[in-house]
**Q** 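Right, I'll just put the structure down here and ask away after.
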Amino acid sequence: GGKQPPLAIAIEVEEAFLHCPKCFLRSKLWESEGWSHKDELSFAQIVRDHVKLTDVPVETIQQALDKAHETLY
């Protein structure tokens, strides 16, 4: 029921390299005890932490995301 986007980008990856295979072991990525519970973390919180917007409340970011989703298509 939505509108088709006017543009799409497709890429084909021929090779991909990891910096260091040991990084996965050192990060303890596969140890679920260290994972955040899905109810404790929102996309707005992830964006805030990633972009280092420590002076912006998560609620403000969530409101901006909600508004952006209203006009997505």
**Q** Gln63: which residues meet the side chain to side chain contact (heavy atoms under 4.5 Å, CB included) condition with it, sequence neighbours left out?
**A** none

**Q** Once side chain to side chain contact (heavy atoms under 4.5 Å, CB included) is applied, do any residues pair with Glu59, and if so which ones, sequence neighbours excluded?
**A** Pro57

**Q** Who else is in the cluster with Ile61 when I, L, V, M, F, W and Y are joined by side-chain contacts under 4.5 Å?
**A** Phe43, Val47, Val51, Leu53, Val56, Leu65

**Q** Could you work out, with side chain to side chain donor-acceptor pair (under 3.5 Å) as the rule, every residue matching Gln62, not counting sequence neighbours?
**A** Asp66

